[in-house]
Visitor: 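Input: one structure, supplied below.
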Amino acid sequence: MAGESEIRALLDKQAIHEALYAYCRSVDRLDHALGHAVFHEDSHADYGEGVYQGPGRGAIDTIIKQHDGLTSHSHQVSNVLIALDGDRAGSEAYMTGTMRMQRDGKEFQIFVRARYLDRWEKRDGRWGIVERAIAYDHDEVREVTAMRGTHNSTRDTSDPSYGFLQGFTL
């Protein structure tokens, strides 16, 4: 039978997983508040020279601004490893990001695979990122032919998911 420390570790790891998922949702739905909540106020993020280096919450604002000109985007995390040490943790999460954009009447897809390398702290009962670095594995841009002309997702809080989740605790 699991002891109290093992249960606490599972709960802490689950909270970190959910924060990683919230991050992906925040950049896909252009949700500043949700993204800011993933980072502690004094955090630092390094997405690479020429991409973004600065306060963690500023990364959210920069990414959302960059994504504003895209037609769609979808981010996922997988292969999440979390190492705990009391109220501190480190994690590696594989990320896949696909984004679409229109240029000169053509549709292009951006495909990125990278790893989020995060240091976390639990403050006042909430896990948040204090330091993030990105390890890029590969990326590409290519012209695509869309399979369908319209989609029912939106890049804001009018997305159908918000209605389905309304009233529930995330």
Visitor: My understanding is that only residues two or more places apart in sequence, or in another chain, count here; which of them pass salt bridge (charged side-chain N to carboxylate O under 4.0 Å, His left out) with Asp42?
Guide: Arg123
Visitor: What residues form a ring-ring contact (aromatic ring centres under 6.0 Å, His included) with Tyr47, not counting sequence neighbours?
Guide: none
Visitor: Among residues at least two apart in sequence or on other chains, which ones pass side-chain contact (heavy atoms from CB on, under 4.5 Å) with Ala22?
Guide: Leu34, Val38
Visitor: What's the verdict on side-chain contact (heavy atoms from CB on, under 4.5 Å) for Leu117 and Glu131, showing C-alpha distance, side-chain angles and the deciding distance?
Guide: CA-CA 8 Å; Leu117 309 173; Glu131 181 182 1; over 6 Å; no
Visitor: My understanding is that only residues two or more places apart in sequence, or in another chain, count here; which of them pass salt bridge (charged side-chain N to carboxylate O under 4.0 Å, His left out) with Arg113?
Guide: none
Visitor: Closer than 4.0 angstrom, basic N to acidic O: yes or no for Arg132 and Asp46?
Guide: no
Visitor: Apply salt bridge (charged side-chain N to carboxylate O under 4.0 Å, His left out) to Asp31 and list each qualifying residue two or more places apart in sequence or on a separate chain.
Guide: none
Visitor: Identify each donor-acceptor pair in which a side-chain atom of residues 57-64 lies under 3.5 Å from a protein atom, sequence neighbours left out, and give them as a table.
Guide:
from: Arg57; atom 1: NE; to: His36; atom 2: O; distance (Å): 3.1
from: Arg57; atom 1: NE; to: Phe39; atom 2: O; distance (Å): 3.0
from: Arg57; atom 1: NH2; to: Phe39; atom 2: O; distance (Å): 3.0
from: Asp61; atom 1: OD1; to: His32; atom 2: ND1; distance (Å): 2.8
from: Asp61; atom 1: OD1; to: His36; atom 2: NE2; distance (Å): 2.8
from: Thr62; atom 1: OG1; to: Gly58; atom 2: O; distance (Å): 3.0

Visitor: Do Arg29 and Thr157 pass the side-chain contact (heavy atoms from CB on, under 4.5 Å) test, and can you show the C-alpha distance, the side-chain angles, and the key distance before you say yes or no?
Guide: CA-CA 7 Å; Arg29 303 281 72 83; Thr157 56; over 6 Å; no
Visitor: My understanding is that a hydrophobic cluster links ILVMFWY residues whose side chain heavy atoms are under 4.5 Å apart, including indirect links. Using that, what else belongs to the cluster containing Tyr162?
Guide: none
Visitor: Residues in salt bridge (charged side-chain N to carboxylate O under 4.0 Å, His left out) with Lys13, at least two apart?
Guide: none
Visitor: With salt bridge (charged side-chain N to carboxylate O under 4.0 Å, His left out) as the rule and sequence neighbours excluded, what pairs involving residues 63-80 come up?
Guide: none
Visitor: Who else is in the cluster with Ile7 when I, L, V, M, F, W and Y are joined by side-chain contacts under 4.5 Å?
Guide: Leu11
Visitor: Quick one: list whatever passes ring-ring contact (aromatic ring centres under 6.0 Å, His included) with His75, sequence neighbours left out.
Guide: His67
Visitor: Between Glu49 and Gln53, does a side chain to side chain donor-acceptor pair (under 3.5 Å) hold up when you go through it step by step?
Guide: CA-CA 7 Å; Glu49 190 174 330; Gln53 295 173 314; 5.7 Å; no
Visitor: Pairs of donor and acceptor atoms involving the side chains of residues 86-94, under 3.5 Å and at least two apart or interchain, shall be tabulated with distances.
Guide:
from: Arg88; atom 1: NH2; to: Asp85; atom 2: OD2; distance (Å): 3.2
from: Ser91; atom 1: OG; to: Trp120; atom 2: NE1; distance (Å): 2.8
from: Glu92; atom 1: OE2; to: Arg115; atom 2: NH1; distance (Å): 3.0

